[in-house]
Amino acid sequence: MTSRQAARLLIIGPQGSGKGTQGVRIAELLKIPAVSTGDVFRANVKDGTELGLQVQAIIEAGDLVPDELTSAIVRDRLAQADAASGFLLDGYPRNLGQVGDLDGFLEGRGEQLTAVIELSVPRDESIRRLSLRAAEQGRSDDNAESIAKRLAIYESETAPILDVYRSRGIVDSVDGVGSLDEVFERVVSALAARGITA
Ligand code: AMP
């Protein structure tokens, strides 16, 4: 039998893979906070905060916000009491520098990630879903140019971090094509196999 593991999770996948939706459901099931850097940035842009003003043009262009700024936000969020016994990260880390930053914060508390869920979705399916989302939600970064840039950055900067986590034996690749419930069940089973359960 697998012994019960703390849920310190990362959900990763290309834009349009459904990771935001699945991440929130998994976090609710496991009663841990879902920490999405994209959501933090969007909320700040909406509220017109200083951070929002700093990052708005970067996000609209589909570029990455500088690591220093992003990692400081995550470090502060993970230091809050509700993240003490577990958390689910969505959209961070997104490049190798951020992996090093996250390792640093977690080492400081004697912890490491316990599972990384990769949602795999073919590129044409991601693009189809992003175009649908653009029509439904009107996200300012869901325009053709920004979508192409974000997918290219995913392949060049974000996908390589999976190799690091694979070498630690903590990656589960889950097929992200199917209904929300089907994909959710696949993620729940992958986590259960590691002893991460509600
Ligand atoms: P997302 O909702 O995760 O697709 O993020 C939306 C946008 O926020 C990205 O295209 C980036 O501009 C920015 N962003 C989110 N997370 C990060 C991160 N970890 N590092 C740098 N930029 C980020």
Side-chain angles (χ1 to χ4, degrees), residues 6-17 19-20 22-23 26-27 32-45 49-80 83-84 86-121 123 126 130 139-142 145-174 176:
R8 288 189 289 273
L9 312 177
L10 163 63
I11 190 159
I12 186 167
Q15 287 71 19
S17 61
K19 68 185 165 58
Q22 295 295 344
I26 294 294
I32 51 175
V35 176
S36 155
T37 42
D39 283 352
V40 171
F41 291 137
R42 277 185 291 278
N44 278 275
V45 169
T49 67
E50 198 176 318
L51 172 66
L53 294 174
Q54 250 176 307
V55 302
Q56 184 164 16
I58 301 176
I59 292 178
E60 279 177 15
D63 288 318
L64 291 186
V65 173
D67 290 351
E68 251 179 44
L69 198 56
T70 311
S71 290
I73 289 169
V74 175
R75 186 191 56 221
D76 291 351
R77 180 64 189 86
L78 294 184
Q80 289 175 25
F87 51 80
L88 178 143
L89 292 169
D90 162 12
Y92 179 95
R94 226 171 173 104
N95 58 26
L96 292 170
Q98 294 180 8
V99 169
D101 291 343
L102 177 64
D103 281 345
F105 322 142
L106 293 180
E107 266 161 36
R109 42 202 251 188
E111 295 177 351
Q112 43 194 313
L113 291 181
T114 51
V116 175
I117 298 290
E118 178 198 13
L119 282 187
S120 41
V121 172
R123 194 185 165 92
S126 295
L130 285 172
R139 248 176 74 162
S140 61
D141 58 351
D142 279 344
E145 205 178 320
S146 169
I147 288 174
K149 195 185 282 175
R150 280 150 60 215
L151 287 171
I153 292 177
Y154 181 80
E155 310 223 326
S156 63
E157 295 198 39
T158 307
I161 77 176
L162 281 166
D163 292 337
V164 175
Y165 291 129
R166 265 191 207 104
S167 72
R168 300 182 192 175
I170 56 171
V171 177
D172 288 307
S173 285
V174 170

- Contact check, side chains of I117 and L10, non-hydrogen atoms, under 4.5 Å: no
- Item | Residue pair I59 / D141: nearest heavy atoms and the distance that separates them | O-CB, 3.4 Å
- Query: How long is the span from the CZ atom in F41 to the OG atom in S36, to the nearest 0.5 Å?
  - Reply: 9.5 Å
- Query: Which heavy atom in R42 sits nearest to a heavy atom in D39, and how many Å separate them?
  - Reply: NH2-OD1, 2.9 Å
- Residues R150 and E145 bridged, charged N to O under 4.0 Å: no
- Which heavy atom in R94 sits nearest to a heavy atom in T37, and how many Å separate them? NH1-OG1, 4.5 Å
- Interatomic distance, D63 atom CG to E60 atom CD [nearest 0.5 angstrom]: 11.5 Å
- Task: Please step through side chain to side chain contact (heavy atoms under 4.5 Å, CB included) for the pair I153 and K149, ending with a clear verdict.
- Result: CA-CA 6 Å; I153 292 177; K149 195 185 282 175; 4.2 Å; yes
- Quick one: closest heavy-atom pair of I170 and T114, and the distance? CG2-O, 3.9 Å
- Query: Which pair of non-hydrogen atoms, one from Y165 and one from P93, has the smallest distance, and what is that distance?
  - Reply: OH-CG, 3.4 Å
- Message: Quick check for you: to the nearest 0.5 Å, what is the distance between E118 atom CD and D172 atom CG?
- Response: 10.0 Å
- Spell out, as yes or no, whether a donor-acceptor pair under 3.5 Å connects the side chain of S71 to the backbone of D67. yes
- Message: Check this for me: does any side-chain nitrogen of one of R168 and D103 sit under 4.0 Å from a carboxylate oxygen of the other?
- Response: yes
- Message: Within the 4.5 Å heavy-atom criterion, are L88 and V35 side-chain neighbours or not?
- Response: no
- Euclidean distance, N95 CG relative to Y154 OH, rounded to 0.5 Å: 13.0 Å
- Only one of L89, D90, V174, V116 forms a side-chain contact (heavy atoms from CB on, under 4.5 Å) with I11, so which one is it? D90
- Note on the structure: So OH of Y92 and OG1 of T158: to nearest 0.5 Å the spacing works out to 12.5 Å
- Taking the side chain as every heavy atom from C-beta outward, state whether Q54 and L69 have any atom pair closer than 4.5 Å. yes
- Query: So with a 6.0 Å cut-off around CD of Q80, is the heavy-atom count from everything else above 12?
  - Reply: yes
- If you look at every heavy atom in A83 and R77, which pair is closest and at what distance? CB-O, 4.2 Å
- Query: Is the shortest heavy-atom distance from the side chain of F87 to the side chain of L9 under 4.5 Å?
  - Reply: no
- Message: Set out, in order, the CA-CA distance, both residues' side-chain angles and the distance that settles side chain to side chain contact (heavy atoms under 4.5 Å, CB included) for V74 and V40, then state yes or no.
- Response: CA-CA 10 Å; V74 175; V40 171; over 6 Å; no
- Item | R8 side chain to G86 backbone, donor-acceptor under 3.5 Å | no
- Looking only at atom types and distance, does a side-chain atom of K19 sit under 3.5 Å from a main-chain N or O of L119, one as donor and one as acceptor? no
- Query: How about L53 and N44: do any of their side-chain heavy atoms sit closer than 4.5 Å?
  - Reply: no
- Atom CD1 in I58, atom CG in L64: separation rounded to 0.5 Å? 9.0 Å
